[in-house]
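Let me begin by presenting the structure, written as structure tokens, before commenting on it.
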2 protein chains.
Amino acid sequence: MKQDKLDKSRGKSFVSAQQVAERAGVSRSAVSRTFTDGASVAPATRKRVLQAAEELGYTVNHLARGLIREKSNIVSLVVADINTPYQAKMTEALTRRLQAANKVAMIINSSGESTDVEMALRQTLHYRADATIVLSGQPKASLIETCLNNGQHVILINRDDPVPGPVSVIVTNRAAARQAFDMLERAGCRKLAVIASTVGSASLAAREKAFVAAAQSANIDVSVSRLGPTAYASGAEAARQVLSGADRPDGVFCVTDLLACGFLDAARNEFGIKIPDELCVVGFDDIEQAGWSSYELTTFRQPIEQIAEHVVDLIDHHTPVDAIQDPIRFQAEPVWRKSVRPR
Amino acid sequence: MKQDKLDKSRGKSFVSAQQVAERAGVSRSAVSRTFTDGASVAPATRKRVLQAAEELGYTVNHLARGLIREKSNIVSLVVADINTPYQAKMTEALTRRLQAANKVAMIINSSGESTDVEMALRQTLHYRADATIVLSGQPKASLIETCLNNGQHVILINRDDPVPGPVSVIVTNRAAARQAFDMLERAGCRKLAVIASTVGSASLAAREKAFVAAAQSANIDVSVSRLGPTAYASGAEAARQVLSGADRPDGVFCVTDLLACGFLDAARNEFGIKIPDELCVVGFDDIEQAGWSSYELTTFRQPIEQIAEHVVDLIDHHTPVDAIQDPIRFQAEPVWRKSVRPR
DNA sequence: TTGTATGCGTTATCAG
DNA sequence: CTGATAACGCATACAA
């Protein structure tokens, strides 16, 4: 008996409620009740159980608990480029708030191939996640439906696909892009360029199109460059192409801050262009680097904390919806720094 | 009967092996065997099961599987500043490789308070994670021991605490710091400064001390600044303090690239100092921004991919160790760019 | 190869 | 307030 307990405590294996019950001299149920919120258990019993648990190093097995409660408290985050400043920030906010709501984040790295997103969603199902938050990739509608059918909550962030079922949370891309045009137009820019990317999501495409539309309806010349992923190097490459031509643009809208940083660096260091005197640049996202003194980039801030808060709320209250939902929109606010001439 | 199946398939709830078995006209075990590697099942049966599963949208419940196999395939990652370039990169590499090894990463955000790390480790136990990888924070030895006692693998990355039990993976901080000194000394620097941080981990402290020791044994003057967390702003602030004095240093070792970026920006943009002509700067980590053309920072690269590969290997092979293990060391290689004068 | 029976660690239900 | 018992979904030893 005693021997058995000793073995267990050293035995490199998890302690069960049964063992705690034996040590405390109560039933399994008493132990269970001690660890479930709102269960009634006498203070004395509770105390004895708690002590036994402490001594044995007992921890409730959430795998088993999730099995019977049909609620795992796991939320999966499907994300591709966690190492990208924007995604990293979003991931940080989401995991922090999820944790505060007594949930835990399982992160699914869907980098690269198209099959990966599929695998990712599969994992989500394997572990019976209560919800899936998609930050990257374009999951097939059929897979989303599977998640939904299994009672999972599916939340799409900044991928405004016209898929019915999941809840979409997006930022006011079009309005912000129009505002970006206004900024540049008022700064006196008369020849514009927008730097987008080849792997653009719906959000990025929306920014690009809205900007172009605004420029065209104001009869101002615009060109569009897409040459590479949404990364620093692509922005620099775009600058090389766009700025080496005869008539350079005097105003540029980069669909992403990362692109803008690359563009700015190439423009200044390779072409010796003065920002914002000769060229104005507007970015999007307000990543940390946008505020660094080498960039001082005028951009649009995504309200990441608000988005994260809202998403976690959504999951917590779990309003199951059958109908097609309108996406929830958050305002992207302009952040004035020094890459655009004032007024 | 039939009605029941229909209800289940629409009923926003997960499908069980039982339901698949009924539809395929086989036993539960047949279904189970179809989905377990290396189990013997007739091709015909297998096919029928697979089809039924497909139709019903069945997915193996890894929670239940983990319960009986005593192996959840969950690995938890304890990390504080995921939004920091270095940690983000490491997290990306780890999650990607974990996934390739058929495991899934549960991320525990241990930002802020000291109790958080404790809570984090607790979560790790709740979900019966097979292993815990600690990237941030200083978990109490007692908690680590609890994890170990429960048969978990504990891996500490870049926190070379003298705790027996867990496996430590670290980078050759001291050697690299000495090399940093050599770089600066050969570049002709005669008055040095090291920029560290107030919340320094053991790794950061090791870099600082080794650099100072090297300088002192060569009879070269060194000062140490620690004013803030390991962040861009702290580096900039350090520059303001260090460079406003009468006799400025002509060589600086920043314990982290993030600090170095802040230092460089302040030095150039606020003091008009020419890098590397008037001042040489060396960083550590080789984050992406170190390669951006505004910085061109000479630094030391942490072999993140190698580390991640090794860590995942370690978890896969699960060599249980009772003895105190020597930390596994990886070489941090110098990356020459333009913030240090050549020769 | 297949099916039956048992157990994994929990919690919910129902008597007491 | 407490204890016995039946699920939860799955994998396996054993018998067929």
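All heavy atoms count here, side chains included; hydrogens, waters and symmetry mates do not. Reminder, nothing fancy here: chain letters follow the sequence lines and each chain counts from 1.
The phosphate of D:dC10 has OP1 or OP2 within less than 4.0 Å of a side-chain N or O from B:Tyr58. The shortest distance between the side-chain N/O atoms of A:Ser40 and the OP1/OP2 oxygens of D:dC1 is below 4.0 Å. At least one side-chain nitrogen or oxygen of B:Arg69 sits closer than 4.0 Å to the OP1 or OP2 atom of D:dT12. Residue A:Ser27 places at least one side-chain N or O closer than 4.0 Å to OP1 or OP2 of D:dG3. The shortest distance between the side-chain N/O atoms of B:Arg65 and the OP1/OP2 oxygens of D:dC10 is not below 4.0 Å.
Summarising the geometry, the separation between CG on A:Asn150 and P on D:dG9 is reported as 12 Å, rounded to the nearest angstrom. Rounded to an integer number of Å, the gap from CG of A:Asn61 to C1' of D:dG9 is 14 Å. Atom CG of B:Leu63 is separated from atom P of D:dA11 by 12 Å (rounded to the nearest Å). Between B:Lys71 atom NZ and D:dT12 atom P the separation is 12 Å, expressed in whole Å. A:Phe35 has its CZ atom 13 Å from the C1' atom of C:dG9, to the nearest Å. Rounded to whole Å, the distance from CD on B:Glu70 to P on D:dC10 is 18 Å. Across the protein-nucleic acid pair, A:Gln19 atom CD and C:dT10 atom C1' stand 14 Å apart, rounded to whole Å. Rounding to whole angstrom units, CG of residue B:Leu56 and P of D:dG9 are separated by 13 Å.
Minimum atom distance to the side chain of A:Ala64 is reached by C:dT10, of the listed C:dT10, D:dA11, C:dG3. Distances were taken from every side-chain heavy atom of B:Arg33 (C-beta onward) to each of C:dT4, D:dT5, C:dG3; the shortest belongs to C:dG3. When distances run from any side-chain atom of A:Ile68 to the nucleotides C:dA5, D:dA7, C:dT1, the shortest one goes to D:dA7. Minimum atom distance to the side chain of A:Ser32 is reached by C:dT11, of the listed C:dT10, C:dT11, C:dG9. With D:dG3, C:dG3, C:dT11 as the choices, the nucleotide that has an atom nearest any side-chain atom of B:Val26 turns out to be C:dG3. In this structure, of D:dG3, C:dT10, C:dG3, it is C:dT10 that holds the atom nearest to the side chain of B:Arg128. Of the candidate nucleotides C:dT1, C:dT11, D:dC8, C:dT1 has the atom lying nearest to any side-chain atom of B:Ala42.
Using a 4.0 Å heavy-atom criterion, one finds that B:Val41 contacts the sugar-phosphate atoms exclusively. When heavy atoms are screened at a 4.0 angstrom cut-off, A:Thr34 is found touching no nucleic acid atom at all.
Defined by atom type and a distance below 3.5 Å, a donor-acceptor pair is present between the side-chain atoms of B:Gln87 and B:Ser136. Judged by distance alone, the side chains of A:Gln152 and A:Asp130 never bring a donor and an acceptor atom under 3.5 Å apart.
The two residues A:Gln19 and A:Phe14 have their closest heavy-atom pair at NE2-O, 4.3 Å. Taking all atoms of both residues into account, the shortest heavy-atom contact from A:Ile74 to A:Tyr127 is CD1-O, 4.0 Å.
Electrostatic pairing of B:Arg96 and B:Glu305 counts as a salt bridge here, judged by a charged N lying under 4.0 Å from a carboxylate O. With respect to the salt-bridge test (charged N to carboxylate O, under 4.0 angstrom), the residues B:Glu70 and B:Arg128 do not qualify.
With hydrogens and angles ignored, a donor-acceptor pair closer than 3.5 Å exists between the side chain of A:Ser29 and the base of D:dA4.
For A:Pro43 and A:Arg28, each mapped to the nucleotide of DNA chain D holding its nearest heavy atom, the one lying further toward the 5' end belongs to A:Pro43.
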